[in-house]
Each structure stands twice: as structure tokens, then as C-alpha cells.
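Take a look at the structure set out below.
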Amino acid sequence: MICDANVKVSNLAKIEEGKPGCLSFLANPKYTEFLYTTESSLVLIDEKIEIDPEKEVKATLVKVADARAAMGMLLNMVEAALNPKKKGIEQPAFIAEGVEVPADAYVGAFAYLGKGVTVGEGSQIYPQVYLGENVKIGKNVTLYAGVKVYHDCVIGDNSILHAGCVIGADGFGFAPVDGQLQKISQIGNVILEGDNEVGANTTIDRATMGHTIIGRGTKIDNLVQLGHNVVTGENNIFCSQVGVAGTTKIGAWNTFAGQVGVAGQCTIGNQNIFGAQSGVPGNIGDGQTLMGYPVIPARDWARQAVYMKRLPDMQNEIKELKKALKNK
């Protein structure tokens with residue numbers, strides 16, 4: 001094994017695609033085989049990963065407690081160097097009278113900042129962003145091109161909203177009146193508590209009354225829909241195409257994998273994991289790993305999936321048994 005304390009790197013690469021002069025990382029044991037073939041000069045590696053002493057490793061290895069987290073910190077440093085924060089106001093942009101933009105903030109061309117908007121220090125408002133009346137943007141917030149934040153909504157410090165997401169559109173509220181569906185006005189707002197990330201083309205509806213609240217540290221992928229009056233705790237993860245119906249209450253540290261659907265007016269506890277395409281029709285407690293529709297413990301769902309594959313053979317076996325019994 002090579003160990004060069006003076007090794008220098010000038011690029012980043014996945015371990016399976018590494019070239020000389022590149023830095024890679026290894027956090028998942030499933031990719032250990034690439035450690036012996038990579039051409040990367042330096043590899044960050046999890047302490048828990050075992051290295052075969054009989055195989056040659058050409059790269060210099062740096063063992064860390066969490067290689068993925070360490071690589072993430074390095075990527076953040078690279079991003080900051082390659083794309084430094086912007087300052088100033090590009091023209092044309094509309095900024096309502098009385099709205100103050102801090103000297104170290106940025107407002108891109110064709111952005112619209114309505115009456116009563118407040119913008120925190122260091123925030124980045126990219127071109128074609130729309131901020132309705134009385135919107136509050138915290139410190140070091142990044143709103144990428146085409147973000148729409150409706151009136152009275154609040155975006156907490158250090159949040160990132162990606163292109164095309166919509167915060168504060170009307171909740172889906174209608175009532176049958178005289179043979180027609182009459183709109184129920186949605187007069188609440190949306191509050192992102194801070195350190196949130198909202199993916200491209202995701203929508204979070206304003207409350208009918210009161211607040212739709214997204215807890216601090218919650219991360220939301222692209223194409224997610226969170227309905228009116230949804231309230232979440234801290235550090236939840238919503239993967240792509242999750243849909244949560246209105247008035248659902250969600251605790252902290254839950255993970256919703258892709259295409260999970262959650263019915264309205266449910267209460268979900270803390271530290272649950274919901275597998276992809278699961279359906280949640282009712283209340284859920286704490287600390288469960290669930291899958292299927294309706295959701296059941298993931299191990300039970302896996303057993304059912306095995307049985308489903310065997311159904312044709314089981315049907316044939318039953319037919320043969322019936323035939324044998326009939327001929328007795």
C-alpha cells in the first residue's frame with residue numbers, strides 16, 4: 001500500500017472513475033472492489049471498511065470516521081470557491097418602494113420583490129424569482145431562478161430553494177355548494193424554519209388558516225407536494241414524488257422514500273422509514289421501518305412479495321391436489 005504524505009490532488013472523481021491527481025472517497029463497502037483498481041491518487045475511506053492485505057492499493061488512503069460526510073465538506077469548499085456569492089442588484093429588477101436589500105445580498109435580473117418584503121444579509125435571489133407582499137427571507141438564503149414565494153410566507157436562515165419550486169400556493173380546498181365546487185379561501189401562510197432545502201418544482205401549499213410549517217433542517221427533493229396545514233418536525237427527508245395530504249402532522253427524523261403517499265389528517269411520529277411507493281392511510285408511531293400499501297413492517301412486506309411471486313405455482317399445486325382428491 002502506497003502512503004505518500006506529500007500527495008497532491010487537483011480534481012474530484014468517483015472511485016470507479018478515478019484518474020491520477022484525483023481525490024475519491026469510499027463509504028459503502030459494496031464499492032470496496034474499486035479500491036484496488038482506482039487510479040485516484042488519494043482516497044478518503046471509512047474506518048469501518050476492511051482492506052484486503054493481499055491486494056495492492058495504489059492510492060494514498062486517509063481513514064476518517066465518516067467518509068461521505070468528509071467528502072461533503074470538501075465539496076462544499078469546492079463549490080464556494082467555484083461559485084462565490086454574488087452581490088448587488090442587477091437590472092432590470094423590480095423592488096417595491098421601502099424594500100431594503102443588504103449590501104452583501106444579491107438580486108438577479110427580472111426578479112420581483114413586492115411591498116413589505118424583507119431580505120436577510122448574504123441572501124442570493126436569482127433571476128426571475130417572485131417574492132409576494134410581506135415575504136420574509138432570512139439570512140444566507142439562496143433562491144434559484146424561477147422560485148415563487150407567495151405573500152406572507154417565511155423562509156428561514158440558510159435555506160436553499162431550487163429552480164421552479166412554489167411556496168405558498170393555495171391549499172386544495174373546495175366545498176360543494178349548489179351543485180358546484182366552491183373555492184375555500186386559503187388565508188394562512190408557509191413557514192420554513194431554517195436550514196431547509198427544497199428541490200426543483202416542489203410545491204408547499206399555504207395553510208387554510210394558520211401555518212404550514214416545515215421544521216428546521218428538513219430536506220425535500222424535487223417534485224414533492226406538501227399540502228395545506230402540514231406541520232413537520234426537524235430533519236425529515238422527503239424524496240422525489242412524495243405527496244403528503246393536508247393537515248398531516250409529522251414528527252422528527254423521518255425518511256419518506258420516493259413516491260410515498262400520505263393521507264390527510266394523519267399523525268406520524270419520529271424516526272420512521274417509509275419504503276418507496278408506500279401508502280400511509282393512518283397514524284404511525286415511532287421508530288418503524290414500513291413498506292407497502294397500506295404500510296406494514298418492511299420484513300412482512302418482503303415475505304408477502306416472495307409469496308406473490310409463488311402464486312402461479314401455488315395455484316397449479318392446488319389444482320393438482322384438487323384433482324388428486326377428486327380421483328380418490
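Basis for what follows: all heavy atoms, side chains included, without hydrogens, waters or symmetry-related copies.
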Going by side chain to side chain contact (heavy atoms under 4.5 Å, CB included), Leu113 matches just one of Ile89, Val129, Val135, Val119. Which one?
Val119
Can you confirm whether Gln91 is buried at CD, in the sense that more than 12 heavy atoms of other residues, nucleotides or ligands lie under 6.0 Å from that atom?
yes
Would you confirm whether Thr218, through its side chain, and Gly233, through its main-chain N or O, come within 3.5 Å as a donor-acceptor pair?
yes
Contact summary for Thr202 and Val224, nearest pair of heavy atoms:
OG1-N, 3.0 Å
Asp300 and Arg303 ion-paired at < 4.0 Å:
yes
Check the orientation of Tyr106 and Tyr126. Use parallel for under 30°, tilted for 30 to 60°, and perpendicular for over 60°.
perpendicular
Does CG in Asn327 sit with more than 12 non-hydrogen atoms of other residues, nucleotides or ligands closer than 6.0 Å?
yes
Minimum heavy-atom distance Val43-Ala59, with the two atoms named
CG2-CB, 3.8 Å
Does Lys183 NZ have over 12 foreign heavy atoms under 6.0 Å away?
yes
Considering non-hydrogen atoms only, spot the tightest contact between Gly138 and Ser123 and give its length.
O-OG, 2.7 Å
Mark yes or no for whether Arg216, through its side chain, and Glu193, through its backbone, hold a donor-acceptor pair below 3.5 Å.
yes
Can you confirm whether Phe174 is buried at CZ, in the sense that more than 12 heavy atoms of other residues, nucleotides or ligands lie under 6.0 Å from that atom?
yes
Report the C-alpha distance between Lys87 and Asp104 in whole Å, list the side-chain angles of each, state the deciding distance to 0.1 Å, and finish with yes or no for salt bridge (charged side-chain N to carboxylate O under 4.0 Å, His left out).
CA-CA 5 Å; Lys87 297 180 182 180; Asp104 63 349; over 6 Å; no
Derivation and outcome, side chain to side chain contact (heavy atoms under 4.5 Å, CB included), residues Glu79 and Leu75:
CA-CA 6 Å; Glu79 168 69 14; Leu75 288 171; over 6 Å; no
Does the Glu90 side chain pair with the main chain of Ala109, one donor and one acceptor, at a distance under 3.5 Å?
yes
Okay, side chain of Asn134, backbone of His151: is any donor-acceptor separation there less than 3.5 Å?
no
Exercise: do Thr203 and Gln225 side chains pair donor with acceptor under 3.5 Å
yes
Backbone N/O of Asn6 and side chain of Lys8: donor-acceptor pair under 3.5 Å
no
Once you round to the nearest 0.5 Å, how far does OG of Ser240 lie from CG of Asp221?
5.0 Å
Check this for me, if you would: do Lys48 and Asp46 make a salt bridge, where the nitrogen-to-carboxylate-oxygen distance has to be below 4.0 angstrom?
yes
Quick check on Gln265: does its CD atom have over 12 non-hydrogen neighbours (other residues, nucleotides or ligands) under 6.0 Å away?
no
Inspect the surroundings of OH in Tyr31 and state if more than 12 heavy atoms from other residues, nucleotides or ligands are less than 6.0 Å away.
no
Please state whether the rings of Tyr150 and Tyr130 are parallel, tilted or perpendicular, taking 30° and 60° as the class boundaries.
perpendicular
Quick one: does Asn196's side chain have a donor or acceptor within less than 3.5 Å of a partner on Gly194's backbone?
yes
Is atom NZ of Lys219 surrounded by more than 12 heavy atoms (other residues, nucleotides or ligands) closer than 6.0 Å?
yes
Is it the case that the side chain of Ser40 and the backbone of Leu42 share a donor-acceptor pair, with hydrogens and angles ignored and the cut-off at 3.5 Å?
no
Without swapping roles, check the side chain of Asn201 against the backbone of Cys165 for a donor-acceptor pair under 3.5 Å.
no
Is a side-chain N or O of Asn236 found less than 3.5 angstrom from the main chain of Gly251, in a donor-acceptor match?
yes
Backbone N or O of Gly122 within a donor-acceptor pair of the Lys85 side chain at under 3.5 Å?
yes
Between Asn189 and His211, a side-chain donor and acceptor under 3.5 Å
yes
Does atom CD (Glu50) have a neighbourhood of more than 12 heavy atoms from anything else shown, all under 6.0 Å?
no
